[in-house]
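Scroll down for the structure; my scribbles are underneath it.
FYI, side chains are in, hydrogens and waters are out, and symmetry mates aren't considered; it's all heavy atoms of this structure. Quick caveat: nothing in here was measured; it's all calculated off a predicted structure. Residue numbering restarts at 1 for every chain, and letters A, B, ... go by the order of the sequence lines.
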Number of protein chains: 2
Amino acid sequence: MHFNELIKTIKERREALQVTQERLAELSNVGLRTLKQFESGKGNPTLLTLQKISDVLGMEICLKIKNITTNK
Amino acid sequence: MHFNELIKTIKERREALQVTQERLAELSNVGLRTLKQFESGKGNPTLLTLQKISDVLGMEICLKIKNITTNK
DNA sequence: CGTTAAAGTGCATTATATGGCATTATTTAG
DNA sequence: CTAAATAATGCCATATAATGCACTTTAACG
């Protein structure tokens, strides 16, 4: 997943759960400013920050082998 | 995946590919010091840094829904 | 043992993420 | 359109990630 996809995933998930940025910031203990920056694609969050956010949204970060034989 | 698992995954992958930290640092354009710090569990890398490293190792970062019904 | 390669660490500097606050823009209701 | 809620931004101080360099540690090998 590229940067933008990650952002999109987080944002969509947040909206699906009907949580505002403000609320998510509180729940995850991430500054509102930081969260906003991230969601608007202007940040380069720390792994810890991303994890805190993902966590609250019921998601987790993982690493997977890229599919080399990218058939399209 | 927790922090330590991520680190472990990266490290194992690197070793499986028989690449030294030094070489990986060059290939990924991440400072050697940064890579070392990360692998020895002392850092809190930036998403970009993690991505650069993962990329060279043929891996990608992804977000997935946590399994709530964690049957054990 | 000494040698060598790879990994880990201390220190200092620079770049940048974090986060608060105020302000502006955008979206959503009424 | 107006008002209220939510999101985006600029400014700015502080914390810390990124990085280089030198040095130490560890592991493998003769």
Side-chain angles (χ1 to χ4, degrees), chain A residues 1-70, chain B residues 1-70:
Chain A
M1 276 179 125
H2 291 301
F3 224 100
N4 293 333
E5 294 178 80
L6 291 174
I7 294 176
K8 191 155 165 279
T9 302
I10 292 284
K11 189 162 189 166
E12 286 179 354
R13 176 79 173 159
R14 178 178 64 74
E15 289 169 345
L17 296 176
Q18 303 219 38
V19 179
T20 64
Q21 291 179 334
E22 198 165 335
R23 186 88 185 99
L24 177 53
E26 292 171 349
L27 295 173
S28 61
N29 263 302
V30 166
L32 178 56
R33 191 62 230 275
T34 302
L35 179 59
K36 283 178 181 306
Q37 217 148 44
F38 172 57
E39 278 200 12
S40 57
K42 309 218 165 117
N44 174 27
T46 272
L47 187 50
L48 187 56
T49 296
L50 182 58
Q51 228 162 30
K52 287 197 279 191
I53 295 172
S54 307
D55 217 55
V56 171
L57 295 176
M59 306 183 81
E60 66 172 349
I61 301 170
C62 62
L63 285 172
K64 66 175 189 182
I65 309 278
K66 272 189 291 190
N67 192 1
I68 304 297
T69 59
T70 307
Chain B
M1 276 179 124
H2 290 300
F3 223 99
N4 294 333
E5 295 178 80
L6 290 175
I7 293 176
K8 191 155 165 280
T9 302
I10 291 285
K11 189 162 187 165
E12 287 178 354
R13 176 78 174 157
R14 178 177 64 74
E15 289 169 346
L17 296 176
Q18 304 218 35
V19 179
T20 65
Q21 291 180 335
E22 198 164 335
R23 186 86 184 102
L24 177 54
E26 293 172 347
L27 294 173
S28 61
N29 262 301
V30 166
L32 178 57
R33 191 62 228 277
T34 302
L35 180 58
K36 283 177 182 302
Q37 215 148 47
F38 172 56
E39 279 199 12
S40 57
K42 309 220 164 113
N44 174 25
T46 272
L47 186 51
L48 188 56
T49 296
L50 182 59
Q51 227 162 30
K52 287 196 279 191
I53 295 172
S54 307
D55 218 54
V56 172
L57 295 176
M59 306 183 80
E60 64 172 351
I61 300 170
C62 61
L63 284 171
K64 66 176 188 183
I65 310 279
K66 271 190 291 192
N67 193 1
I68 303 298
T69 59
T70 308

*Could you tell me which residues satisfy side chain to side chain contact (heavy atoms under 4.5 Å, CB included) with E12(A), sequence neighbours excluded, listed by chain and number?*
K8(A)
*Is any side-chain N or O of T34(A) closer than 4.0 Å to OP1 or OP2 of dG19(C)?*
yes
*Looking only at non-hydrogen atoms, find the nearest pair between A25(B) and G31(B) and report the distance.*
CB-C, 4.3 Å
*Atom-pair distance (CG on L47(A); P on dT16(C)), nearest Å*: 19 Å
*Using a cut-off of less than 4.0 Å, is there contact between a side-chain N or O of S40(B) and OP1 or OP2 of dT9(C)?*
yes
_Rounded to whole Å, please give me the gap between CD1 in I53(A) and P in dA17(C)._
14 Å
_How many whole angstroms separate atom CD1 of I7(A) from atom C1' of dA7(D)?_
15 Å
*Looking for any heavy atom pair under 4.0 Å, which part of the strands does R14(B) touch: base, sugar-phosphate only, or nothing?*
sugar-phosphate
*Report the distance from atom CG of L35(B) to atom P of dG20(D), rounded to the nearest whole Å.*
12 Å
*OP1, OP2 of dA8(D) versus side-chain N and O of Q37(A): anything below 4.0 Å?*
no
_Closest-nucleotide 5' rank along DNA chain D - winner of L50(B) and K36(B)_ = L50(B)
*Find the distance L24(B):CG to dA18(D):C1' and express it as a whole number of Å.*
15 Å
*Can you name the side chain to side chain contact (heavy atoms under 4.5 Å, CB included) partners of E22(B), sequence neighbours left out?*
T20(B), L32(B)
*Looking across every strand, which nucleic acid part, if any, lies under 4.0 Å from T46(B) by heavy atom: base, sugar-phosphate, or nothing?*
sugar-phosphate
*Check whether any side-chain N or O of Q51(A) sits under 3.5 Å from a backbone N or O of M1(B) as a donor-acceptor pair, and report yes or no.*
yes
*Going through the checks in order, is the side-chain contact (heavy atoms from CB on, under 4.5 Å) test met by F38(B) and I10(B)?*
CA-CA 10 Å; F38(B) 172 56; I10(B) 291 285; 3.9 Å; yes
*Between dA18(D) atom P and K42(B) atom NZ, what is the distance in whole Å?*
16 Å
*Spacing between Q51(A) atom CD and dA17(C) atom C1', to the nearest angstrom*: 16 Å
*NA contact type, K11(A), heavy-atom cut-off 4.0 Å: base, sugar-phosphate, or nothing?*
sugar-phosphate
*Rounded off to whole Å, could you give me the CG-to-P distance for the L32(A) and dC21(C) pair?*
11 Å
*Is a donor-acceptor pair below 3.5 Å formed from side chain R33(B) to base dG10(C), judging by atom type as modelled?*
yes
